[in-house]
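Structure first, then comments.
So you know, we letter chains A, B, ... as the sequences are listed, proteins then strands, and number each from 1. In what follows, every heavy atom counts, from backbone to side chain, and hydrogens, waters and symmetry copies are set aside.
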Amino acid sequence: MTQAAGLRTHYNGDLRTDHVGQQVSVVGWVAKRREHGEHLAFVDLRDHTGVVQCVVPGSVDVRSEYVVRITGTVKNRLEGTVNTKLATGEIEVQDCEVEVLSVAEPPPFPMDGRADDVDEMVRLRYRYLDLRRERMQRNLRVRAKVNSAIRRAMEDQGFIEVETPMLMPSTPEGAREFLVPSRQSPGDFYALPQSPQLYKQLLMVGGTDRYFQIARCLRDEDLRADRQYEFMQLDAEASFVTQDDVLAFISEAVMAAAEAVTGERPPEIEQITWHDAMDRYGIDKPDLRFGMELVELTPIFADTGFNAFKAPSIKGIKVDGAAADYGRNKLDGLTDRAKSLGAKGLVWMKVEDGGVLTSPVAKFLSEAEQAGLVAAFGAEAGDLLLIVADEWHQTCEVLGTLRNDVGRPPVHEGPYRYVWVIDFPMFVGQDDEGNPKPGHHPFTHPHPEDMDKLESDPMAVRSLAYDLVLNGWELGSGSIRIHEPELQSRIFRLLGISQEEADKRFGFFLTPFRYGAPPHGGFAFGIDRLTAILAGEENIREVIAFPKPQSGTDPMTDAPTAVDPAQLADLGLRLLPKKSS
RNA sequence: GGUCCCGUGGUGCAGUUUGGAGUGCACGCCGGCCUGUCAAGCCGGAGGUCGCGGGUUCAAAUCCCGUCGGGACCGCCA
């Protein structure tokens with residue numbers, strides 16, 4: 001409870017029967033006025049702590065959202081007028097005098113739960129009003145608790161907070177950057193940090209040992225429910241540590257944040273390898289809140305006569321009791337979805353009594369194969385089976401997406417299921433020139449057990465990279481970094497990056513490693529995402545004071561805006577004509 | 001760049017399938033009444049370029065084309 005001062009003696013939501021008899025002054029916004037003729041009026045007064053009812057012995061000229069100071073005496077409510085919906089509902093402030101501090105126009109939407117249904121653009125245009133609402137104030141305070149708990153947890157583990165520059169050189173790997181033109185060096189640009197990645201590694205070279213920062217990151221990529229242009233990360237890096245050390249540090253910060261919000265410390269965060277995550281859940285950010293794991297079917301069809309199942313990997317998922325819920329339309333929808341994900345097709349089967357399978361393709365399967373399916377799935381009458389046959393990765397990915405489509409609850413619904421995904425592949429896919437692409441980033445240390453496969457079988461090499469996942473959302477990722485210049489050169493060679501090119505692109509970053517770099521590793525996770533889930537929100541915009549909609553424009557400030565030609569001239573910039581189609 | 005959904009007084013909706021006068025509901029707003037209400041109650045009232053543009057039609061919120069805005073997702077986010 002905060003000590004009240006200034007114009008008020010108490011916060012509205014704090015008043016209880018303990019205060020009965022006290023003369024109090026409370027301030028805030030008029031949530032509601034109810035007049036009963038010239039002798040009695042009620043004013044519900046709201047601040048961020050709650051609402052208290054004030055009784056005025058006469059009429060009172062206030063409207064919704066007027067800012068007022070009310071002075072009166074706390075009394076028990078009359079018999080039968082207690083309001084159990086209010087925390088302050090056993091008392092009221094009586095014999096009130098009302099002093100108007102600010103008048104207000106009628107707000108465009110109500111400052112209560114009904115505004116949850118209002119068009120988000122309207123809420124964002126009047127965000128300063130939206131923020132008055134209990135939900136928004138709660139979310140801001142959840143966020144503050146998360147930040148505070150993280151900071152404390154990191155400091156308790158010997159990390160120090162260091163700020164890094166917002167204006168840095170462009171390093172056009174990964175996410176698209178926001179650029180900032182330089183006035184003193186016309187035609188040149190800074191970039192805003194996608195993350196403090198490079199600086200924090202240099203802090204390790206600089207002997208900082210354990211660094212963290214609650215860092216703002218900026219990425220000029222399309223916005224989503226879980227993505228804003230600018231977002232906050234707990235960014236951390238430590239020297240002379242193993243992967244397990246890093247996981248422990250970050251687990252501690254996340255669990256401390258969760259405990260600060262929910263009052264309950266999560267159990268130790270389990271781990272799963274990337275391969276197992278893909279194999280069992282078909283995705284590298286598995287949602288462990290529900291089962292429906294991918295079932296291995298490949299051996300059943302080793303000698304099949306069904307052409308569609310002559311594939312390297314056949315897997316399926318079982319949707320319990322869903323056969324009756326999925327008519328032809330929905331099944332066609334799932335098939336289209338599978339195809340749009342790159343599958344050649346989707347086989348569905350409905351399980352009838354006695355293990356009989358109903359499916360357009362059942363007639364192509366032998367009795368042994370059908371029996372094998374029922375056994376492998378543990379299928380019972382009424383279940384729906386969805387089966388994909390393809391390359392292993394493709395099979396897993398398609399089924400993983402269908403599993404989420406069919407079974408995944410909203411992200412904010414409990415329970416909280418954290419999981420570390422470890423042993424990510426070092427390389428993922430190929431670039432246009434046929435070189436392997438880094439799965440994490442080009443400074444990630446290969447898994448020590450796979451060093452001998454770097455050149456001979458690069459796609460089989462694991463890395464010391466790891467992700468933290470909560471309820472199917474990727475909270476963040478990290479890795480043990482390469483600290484040996486020779487190994488770094490070897491990785492660049494594999495990626496098809498020449499030494500000259502590497503020096504040009506990352507010179508300022510690579511040179512320091514020639515002067516004695518400690519082994520180090522780190523992590524960064526998204527505070528917006530963690531906060532949203534802990535606050536019970538499924539969109540990070542709800543836990544950001546002033547977010548932007550998908551267009552990236554701000555309906556409140558109209559940013560981005562055109563600027564004065566003189567400003568452009570100062571920067572040595574001239575605009576091209578706008579594209580017209 | 002793509003797919004799908006949405007756009008009707010200040011707010012939330014119905015009306016669109018099957019074209020027929022801006023018709024309706026709830027909240028809010030304005031005025032009146034009301035001495036125990038509490039997202040009060042009763043009476044009265046104001047408030048609309050049906051996102052915008054074009055087309056079809058005797059007639060368009062409704063059908064067609066385009067466009068703008070918003071949302072979810074794919075691509076993208078090392």
Side-chain angles (χ1 to χ4, degrees), chain A residues 31-46 51-59 63-65 75 77-86 88-89 92 94 105-126 129 134 171-177 194-195 197-198 217-229 231 333 336-337 340-342 401 404-405 410 424 426-429 431 436-444 463 465 474 477 479 495 497 505-506 524 526 538-539 541 548-553 555 580-581:
Chain A
K32 196 69 198 177
R33 176 195 64 162
R34 290 178 295 279
E35 275 208 322
H36 293 248
E38 54 185 318
H39 300 293
L40 176 67
F42 299 96
V43 175
D44 289 342
L45 190 66
R46 183 192 67 242
V51 169
V52 67
Q53 173 167 281
C54 303
V55 188
V56 181
S59 71
R63 302 291 161 122
S64 291
E65 299 311 308
K75 298 248 177 90
R77 290 202 184 191
L78 298 175
E79 185 87 27
T81 64
V82 167
N83 184 350
T84 54
K85 284 187 280 186
L86 280 183
T88 60
E92 61 192 6
Q94 290 188 2
E105 293 179 15
F109 50 85
M111 303 294 104
D112 57 35
R114 289 173 295 186
D116 291 341
D117 297 324
V118 169
D119 186 319
E120 195 182 357
M121 280 299 273
V122 178
R123 290 176 54 207
L124 292 181
R125 187 171 306 126
Y126 299 94
L129 297 180
E134 192 259 335
T171 50
E173 277 65 40
R176 188 182 297 113
E177 301 168 315
Q194 309 162 30
S195 82
Q197 180 67 37
L198 304 183
C217 306
L218 299 106
R219 295 179 186 174
D220 189 3
E221 300 289 352
D222 288 359
L223 278 42
R224 293 284 159 75
D226 58 354
R227 277 158 43 183
Q228 285 276 303
Y229 282 153
F231 59 99
D336 290 344
R337 174 78 163 150
S340 77
L341 294 165
T401 303
N404 274 348
D405 284 356
F424 268 75
M426 184 79 184
F427 305 105
V428 176
D431 66 16
K437 293 193 291 186
H440 187 53
H441 60 52
F443 318 116
T444 304
S463 67
E474 181 191 326
S477 58
S479 61
L495 297 172
I497 300 172
R505 279 154 68 176
F506 310 109
E538 53 185 326
N539 191 310
R541 292 192 295 269
K548 292 177 176 61
Q550 215 164 60
S551 62
T553 57
S580 55
S581 45

Using the six-membered ring for Trp and the full ring for Phe, Tyr or His, decide whether A:His36 stacks on the six-membered base ring of B:rA40 (centres under 5.5 Å, planes under 30°).
-> yes
Contacts of type ring pair (Phe, Tyr, Trp, His ring centres under 6.0 Å), residue A:Phe109, not counting sequence neighbours = none
Write down the protein N/O and nucleotide N/O pairs, taken from nucleotides 44-46 of chain B, whose separation is under 3.5 Å; answer none if there are no such pairs.
none

Residues two or more places apart in sequence or in another chain: which of them pass salt bridge (charged side-chain N to carboxylate O under 4.0 Å, His left out) with A:Glu65?
-> A:Arg46, A:Arg132
Applying ring pair (Phe, Tyr, Trp, His ring centres under 6.0 Å) to A:His36 and not counting sequence neighbours gives A:Phe42
Scan nucleotides 27-31 of chain B against the protein and return all N/O pairs shorter than 3.5 Å with their distances rounded to 0.1 Å.
from: B:rC27; atom 1: O2'; to: A:Arg114; atom 2: NH1; distance (Å): 3.0
from: B:rC30; atom 1: OP1; to: A:Arg63; atom 2: NH1; distance (Å): 2.7
from: B:rC30; atom 1: OP2; to: A:Arg63; atom 2: NH1; distance (Å): 3.1
from: B:rG31; atom 1: OP2; to: A:Arg63; atom 2: NH1; distance (Å): 3.3
from: B:rG31; atom 1: OP2; to: A:Arg63; atom 2: NH2; distance (Å): 3.4

Sugar-phosphate, base or nothing in reach of A:Asp226, heavy atoms under 4.0 Å = nothing
Report the base-pairing partner of B:rG44 (Watson-Crick or G-U wobble, both distances below 3.5 angstrom), or none.
-> B:rC30
Hits for side chain to side chain donor-acceptor pair (under 3.5 Å) against A:Ser551, two or more places apart or cross-chain, chain-then-number order -> A:Thr553
All salt bridge (charged side-chain N to carboxylate O under 4.0 Å, His left out) counterparts of A:Arg176, not counting sequence neighbours = A:Glu221
By salt bridge (charged side-chain N to carboxylate O under 4.0 Å, His left out) - contacts of A:Arg114 (at least two apart) | A:Asp112
Base, sugar-phosphate, or nothing for A:Gly113, non-hydrogen atoms under 4.0 angstrom?
-> base
Listed partners of A:Arg63 passing salt bridge (charged side-chain N to carboxylate O under 4.0 Å, His left out), at least two apart | none
Quick one: list whatever passes side chain to side chain donor-acceptor pair (under 3.5 Å) with A:Asp226, sequence neighbours left out.
-> none
Write down the distance separating the P atoms in B:rG20 and B:rG66, rounded off to the nearest Å.
-> 24 Å
Please identify each residue that fulfils ring pair (Phe, Tyr, Trp, His ring centres under 6.0 Å) with A:Tyr126, with sequence neighbours left out.
-> none
Distances for protein N or O near nucleotides 3-6 of chain B N or O, under 3.5 Å:
none

Can a donor-acceptor pair under 3.5 Å be found between the side-chain atoms of A:Arg33 and the base atoms of B:rC38?
-> no
